[in-house]
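Lettering of chains follows the sequences in order, A, B, ..., and the numbering in each one begins at 1.
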Amino acid sequence: QLEQELVEYFRTQVRQDPEVPSAVAAIRTLLEFLKRDQTGETILGLRENLTQTIRRLEEADSSVAVSSGGELFLRFISLTSLEHPDLSQCKKVMVERGELFLKKISLSRSKVAKLCHTFIKDGAKILTHSSSRVVLKVLESAAADKKRFTVYVTESQPDSAGQMADKLQNLNIPVTVVLDAAVGYIMEKVDLVIVGAEGVVESGGIINKIGTYQLAVCSKAHNKPFYVVAESFKFVRLYPLNQQDVPERFKYKADTLKAVEDLAEEHPMIDYTPPSLITLLFTDLGVLTPSAVSDELIKLYL
Amino acid sequence: MPGADKEADLTERIEAFLADLKRGGCGTGPIRGSGETARETTALLRKVTAQARWSSAGDLMEIIRKEGRRMTAAQPSETTVGNMVLRVLKIIREEYARSRGSSEETDQQESLHKLQHFVHLKANVIEAINELLTELDGTTDNIAMQALEHIHSNEVIMTVGRSRTVEAFLKDAARKRKFHVIVAECAPFCQGHEMATNLSKASIETTVIADAAIFAVMSRVNKVIIGTQTVLANGGLRAVNGTHTVALAARHHSTPLIVCAPMFKLSPQFPNEEDTFHKFVSPHEVLPFTEGEILSKVNVHCPVFDYVPPELITLFISNIGGNAPSYIYRLMSELYHPEDHDL
């Protein structure tokens with residue numbers, strides 16, 4: 001069936017290029033669907049099929065970015081004047097706009113890195129959490145700019161972030177892996193904290209790997225700046241007021257959601273960090289204070 | 001030839017301005033206030049628009065950017081120069097967009113329209129710059145007009161050093177209310193003394209205190225009103241040294257901290273970026289050269305600025321009204337275009 005093929009296509013994309021953000025892989029899959037789909041006869045039908053496909057992809061990979069990226073893609077391609085009477089013409093326009101969208105967001109990681117690396121001073125000690133490809137890009141650009149700094153990475157159980165430490169060592173950046181529990185201990189030595197985000201919510205807070213909230217509270221207590229780096233397709237229309245408000249479909253891995261009946265027994269994979277603990281967010285839309293996020297979000301989704 | 005004369009005249013004026021900027025920022029306080037710097041920069045940019053040779057909006061923006069880079073390089077700590085250049089660039093973009101209509105047009109039509117509308121564009125840009133100059137002239141008055149809403153009778157107000165804006169603010173309130181002002185002298189330049197003299201001439205009861213006494217006196221203060229050199233993009237301040245102390249003391253006593261700053265002081269810089277921050281001047285104000293013996297054994301610094309984080313600030317009063325620090329990002333997006341942030 002077409003949907004099975006698409007999920008396979010998505011999985012291959014992610015496997016072939018581990019550097020690509022999962023949202024970009026999802027959007028490529030949706031574009032493929034647009035090109036292959038023969039059954040749609042009306043634009044409304046097409047939209048519904050696309051929404052169905054996004055649901056399927058969410059079941060394959062439950063990260064927030066796939067959900068927000070998918071929705072933004074859908075809005076970007078369908079909110080244009082599709083006045084052509086012929087459906088295949090409309091589809092062509094949609095595919096073109098889809099390609100444009102894809103091109104724009106492939107560049108977003110470099111834009112973020114360009115903005116952020118000036119905030120890393122020579123001799124800085126940076127603490128980061130788990131393995132984030134955007135943070136890696138930022139540290140790469142800072143290293144390329146001939147800055148000297150050291151990095152502490154948290155081990156980040158249950159699926160440890162050993163890979164982050166290896167990649168940094170390859171770039172000749174001195175790196176130390178610390179236990180998740182040692183964050184409070186190491187905070188006094190550190191100059192700044194940089195984390196990635198799986199999703200950025202309307203209040204200006206972030207959804208990220210479990211342990212980020214702890215990190216933020218600690219850095220606030222020690223008065224260290226807490227920076228978040230995220231691409232704009234991670235902006236999601238949620239407004240959680242506390243940890244319980246984050247929808248369950250994001251909290252656990254896709255396989256867990258399908259297999260387990262009583263989710264209260266499972267350990268969540270992500271947590272929510274409120275905006276009061278965040279100093280600045282670096283996105284491809286610019287450097288934002290948490291209060292500026294909701295404005296930018298509305299502009300994206302309008 | 002009149003054309004060549006005009007160009008030589010323009011270059012001369014720009015050079016004179018740059019030399020003035022380089023000299024102007026010495027430690028005994030600004031020789032010129034930031035308001036005057038802003039006005040001179042804008043007038044100079046207007047002259048450049050009127051007299052330089054350009055044939056399209058893109059050309060004009062390149063010329064202005066070039067001059068802007070030279071001016072900011074002359075005195076990097078004087079951010080109003082850069083701010084005015086960014087305002088003018090935004091004006092050019094707006095006038096260009098308006099003359100082409102707000103619809104999206106293709107590239108071919110772009111080049112045509114650029115030539116056609118050239119004359120109108122020039123006139124429009126110069127008119128808009130004139131409006132900007134009128135706005136600049138009225139900023140201190142606009143801020144002072146809001147004084148009566150914020151200062152009540154029998155209040156004790158604290159301020160630091162000397163700010164022309166705060167002086168006008170307090171003098172305006174003094175016309176109708178009776179209140180007491182405590183001025184921290186702000187060593188080592190002690191500009192607070194001049195401020196106190198000016199305020200007492202306007203019949204305001206003034207007391208001068210040493211910087212070390214700020215915390216001790218803070219419990220008796222109702223409001224703290226300060227000026228600043230720059231307002232940063234995250235809502236923080238780059239103000240005269242000693243301001244962070246006042247802000248922390250005010251936070252401890254839950255005293256509101258009000259900043260009077262006109263819009264031309266708003267800058268798109270962030271505080272943690274490299275090289276945006278400090279300026280050091282001759283340390284002889286702190287430890288005079290006559291103390292030769294000590295000088296060889298000790299490091300003496302005399303920083304000019306202080307950073308105040310946005311959490312310590314209650315309200316910004318500017319010529320367009322009162323705003324919270326978390327709203328600064330919005331004002332910035334209205335005044336400047338994001339592509340111009342790096343000159």
Side-chain angles (χ1 to χ4, degrees), chain A residues 80-81 97 100 111-112 114-124 126 138 141-142 145-149 190-194 203-204 219-221 223-229 232 274-299, chain B residues 72 76 82 86 90 103-107 231-238 244-245 247-248 251-252 266-278 306-316 322-343:
Chain A
T80 56
S81 65
R97 283 185 68 84
L100 189 62
K111 279 198 214 159
V112 175
K114 205 165 71 137
L115 279 176
C116 188
H117 80 259
T118 47
F119 281 66
I120 299 177
K121 301 198 171 76
D122 221 13
I126 304 175
V138 169
S141 339
D145 217 16
K146 305 281 177 25
K147 293 204 192 146
R148 288 160 301 181
F149 53 92
V190 160
D191 294 320
L192 65 148
V193 183
I194 305 185
S203 58
S219 61
K220 185 81 179 185
N223 240 322
K224 310 282 179 182
F226 185 84
Y227 298 132
V228 174
V229 284
S232 63
S276 50
L277 301 172
I278 301 175
T279 319
L280 285 176
L281 285 113
F282 296 89
T283 68
D284 49 328
L285 303 168
V287 185
L288 307 171
T289 50
S291 44
V293 168
S294 60
D295 249 15
E296 293 295 328
L297 220 152
I298 293 178
K299 277 195 246 167
Chain B
T72 41
L86 295 183
K90 178 116 203 257
S103 55
E104 282 175 68
E105 297 179 11
T106 63
D107 275 349
V231 179
L232 299 164
N234 65 343
L237 300 181
R238 184 156 93 205
H244 198 176
T245 320
L248 286 171
R251 170 51 53 111
H252 186 269
L266 187 55
S267 158
Q269 288 172 348
F270 279 91
N272 326 57
E273 284 175 296
E274 284 206 68
D275 305 331
T276 53
F277 228 68
H278 260 302
D306 231 351
Y307 169 62
V308 183
E311 300 86 60
L312 301 175
I313 303 168
T314 318
L315 186 69
F316 277 102
N323 289 301
S326 56
Y327 198 61
I328 292 289
Y329 75 90
R330 189 59 175 273
L331 298 172
M332 270 237 306
S333 64
E334 283 173 13
L335 289 179
Y336 310 128
H337 194 276
E339 280 181 22
D340 297 328
H341 282 184
D342 302 305
L343 262 188

Is the side chain of A:S291 donor-acceptor paired with the backbone N or O of B:S326 at a distance under 3.5 Å, no angle test?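 Looks like yes, one N/O pair under 3.5 Å.
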Look up atom CD in B:E311 and atom CG in A:N223, then write down how far apart they are to the nearest 0.5 Å.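 That separation rounds to 8.0 Å.
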Part of A:L280 within contact of chain B (heavy atom distance under 4.5 Å):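 Contact with chain B involves the side chain of A:L280 alone.
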Quick one, B:F270 with A:T118, criterion side chain to side chain contact (heavy atoms under 4.5 Å, CB included). Give me CA distance, side-chain angles, the key distance, then yes/no. CA-CA 10 Å; B:F270 279 91; A:T118 47; over 6 Å; no
